[in-house]
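See below for the structure under consideration.
Not measured: the values here are computed from a predicted model. Residue numbers start at 1 and run along the sequence shown.
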Amino acid sequence: MNQDRTTGRPRRLPVQKRSLERFERLLDACAELLDEVGHSALTTKEVARRAGVPIGTLYQFFPDREGLVGALAARNLETFLGRVAERLDREAPDGVAGLVEVTVDEFVAMRRTITGFGVVDFGAAGHDHTLEPGRDNNTAVAGRLRALTASLTGVEDDTDLELALRVALECADSVLQLAFRTHPQGDPQLIAECKRVLNGYLKERLRLSAPAGEHVSGRT
């Protein structure tokens with residue numbers, strides 16, 4: 001994929017209720033077909049047919065197939081962040097351990113239940129700039145998680161925190177992919193190991209990043 005293309009953004013956003021319904025139907029159809037045929041066999045023609053809208057309507061919203069997939073990835077990210085924020089607000093867990101528990105659990109839950117999420121979560125395999133043209137997908141996600149992590153752990157919201165989160169996301173990607181290759185619902189032992197790895201890395205990394213004399217919440 002051309003890294004300079006804004007693939008995560010639709011050509012235009014719907015305003016009227018009818019347009020919004022069609023927009024969402026197209027994303028839903030895209031997700032269904034991703035589960036059925038995979039990313040490489042996905043076509044805009046079949047997405048439009050499945051959604052019950054003219055192909056011209058699809059191109060009013062999306063420049064091409066990758067724009068459609070990018071919009072789905074962006075919707076998945078917004079859903080994920082909303083679920084994480086709502087659960088953190090409801091449960092008020094402590095520090096790094098709580099953040100890791102909630103984010104991994106919500107990702108796993110979405111992988112198990114959200115149509116198409118196993119093919120396109122926050123980007124498709126081999127397409128590293130789905131969400132933003134100038135940053136790879138995990139960097140874009142890390143940027144969105146910075147403020148949430150800083151408020152929960154007490155560390156400074158800066159580029160060092162974003163780097164730590166980016167590394168954590170790369171680790172989580174690898175282990176969770178293995179978990180779902182091992183078992184269709186995600187191998188519980190590997191999911192637990194993913195949490196263990198993230199806890200160990202983030203607790204130590206954020207402790208080193210914290211200003212002298214300040215405590216990172218949840219650090220053992």
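Ile114 and Val108 end up in the same hydrophobic cluster when Ile, Leu, Val, Met, Phe, Trp and Tyr side chains are linked at under 4.5 Å. A continuous path of ILVMFWY side-chain contacts below 4.5 Å connects Tyr59 to Phe23, so both sit in one hydrophobic cluster. Connection of Met110 to Ile191 is established within a shared hydrophobic cluster, with ILVMFWY side chains joined at heavy-atom distances below 4.5 Å, either directly or through further cluster members. By the rule that hydrophobic residues join a cluster once side-chain heavy atoms approach within less than 4.5 Å of another member, Val175 and Phe117 end up as members of separate clusters.
Here ring pair (Phe, Tyr, Trp, His ring centres under 6.0 Å) pairs that include residues 37-58, with residues two or more places apart or in two chains, are His39-His127. Among residue pairs with one or both ends in residues 70-91, those qualifying as ring pair (Phe, Tyr, Trp, His ring centres under 6.0 Å) are Phe80-Phe122; sequence neighbours excluded. The stretch residues 142-155 participates, sequence neighbours left out, in these salt bridge (charged side-chain N to carboxylate O under 4.0 Å, His left out) pairs: Glu78-Arg144, Arg146-Asp157, Arg146-Glu162. Here ring pair (Phe, Tyr, Trp, His ring centres under 6.0 Å) pairs that include residues 132-179, with residues two or more places apart or in two chains, number zero.
Residues satisfying the side chain to side chain donor-acceptor pair (under 3.5 Å) test with Arg75, not counting sequence neighbours, are Glu24, Asp28. For Arg49, the salt bridge (Lys or Arg N to Asp or Glu O under 4.0 Å) partners two or more places apart in sequence, or in a different chain, are Glu46. With sequence neighbours excluded, the residues forming a salt bridge (Lys or Arg N to Asp or Glu O under 4.0 Å) with Asp105 are Arg87, Lys195, listed by chain and number. Arg25 pairs by the salt bridge (Lys or Arg N to Asp or Glu O under 4.0 Å) definition with nothing, not counting sequence neighbours. In this structure Thr115 satisfies the side chain to side chain contact (heavy atoms under 4.5 Å, CB included) test together with Ala31, Glu32, Asp35, sequence neighbours excluded.
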Check against side chain to side chain contact (heavy atoms under 4.5 Å, CB included), Leu42 and Arg65: CA-CA 8 Å; Leu42 184 75; Arg65 184 186 73 156; 4.0 Å; yes
Kindly indicate, with the supporting measurements, whether the criterion salt bridge (Lys or Arg N to Asp or Glu O under 4.0 Å) is fulfilled by Glu204 and Arg207. CA-CA 5 Å; Glu204 179 65 14; Arg207 180 185 68 81; 2.6 Å; yes
Evaluation steps, side chain to side chain contact (heavy atoms under 4.5 Å, CB included), between Arg50 and Leu33: CA-CA 8 Å; Arg50 177 68 63 90; Leu33 287 164; 3.4 Å; yes
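In this structure, Leu190 CG and Leu176 CG are separated by 9.0 Å, a value rounded to the nearest 0.5 Å. To the nearest 0.5 Å, atoms CD (Glu106) and CD (Glu86) are separated by 8.0 Å. Atom CD of Glu66 and atom OG1 of Thr130 lie 7.0 Å apart (nearest 0.5 Å). Atoms CG and CG, on Asn76 and Leu27 in that order, are 9.0 Å from each other to the nearest 0.5 Å. A distance of 10.5 Å separates CG in Leu26 from CD in Gln60, rounded to the nearest 0.5 Å. Of the inter-residue distances, the one linking Leu145 atom CG with Leu81 atom CG reads 6.0 Å to the nearest 0.5 angstrom.
What you find for Leu72 and Cys30 is that their closest heavy atoms are CD2-SG, 4.0 Å. Considering every non-hydrogen atom in both Val120 and Leu34, the closest pair reads CG2-CD1, 3.7 Å. Residues Arg83 and Ala109 come closest through the heavy atom pair NH2-CB, 3.4 Å. Among all heavy-atom pairs drawn from Asp158 and Leu161, the shortest one is OD1-N, 3.0 Å. Of all the heavy atoms in Ala164 and Leu202, the pair that sits closest is O-CD2, 4.0 Å. The two residues Leu88 and Gly98 have their closest heavy-atom pair at CD2-O, 4.4 Å.
Under a 4.5 Å side-chain heavy-atom cut-off, the cluster of Ile, Leu, Val, Met, Phe, Trp and Tyr residues that includes Val197 has no other member.
Using a 4.5 Å heavy-atom cutoff, the side chains of Leu148 and Leu152 are not in contact. Contact annotation: the side chain of Asp64 never approaches that of Thr44 to less than 4.5 Å [non-hydrogen atoms, C-beta and beyond].
The environment of Arg18 atom CZ is sparse: at most 12 non-hydrogen atoms of other residues, nucleotides or ligands sit within 6.0 angstrom. The local environment of CZ in Arg112 is crowded, with over 12 non-hydrogen atoms from other residues, nucleotides or ligands closer than 6.0 Å.
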Quick one: side chains of residues 178-185, donor-acceptor pairs under 3.5 Å with protein atoms, not counting sequence neighbours, listed by atom name and distance.
unit_1	atom_1	unit_2	atom_2	d
Thr182	OG1	Leu178	O	2.7
His183	ND1	Gln185	N	2.9

Table please: side-chain donor-acceptor pairs of residues 165-174 below 3.5 Å, with sequence neighbours left out.
unit_1	atom_1	unit_2	atom_2	d
Arg166	NE	Thr139	OG1	2.9
Arg166	NH2	Asp136	OD2	2.8
Glu170	OE2	Asn138	ND2	3.0
Asp173	OD2	Asn138	ND2	3.0
Ser174	OG	Glu170	O	3.4

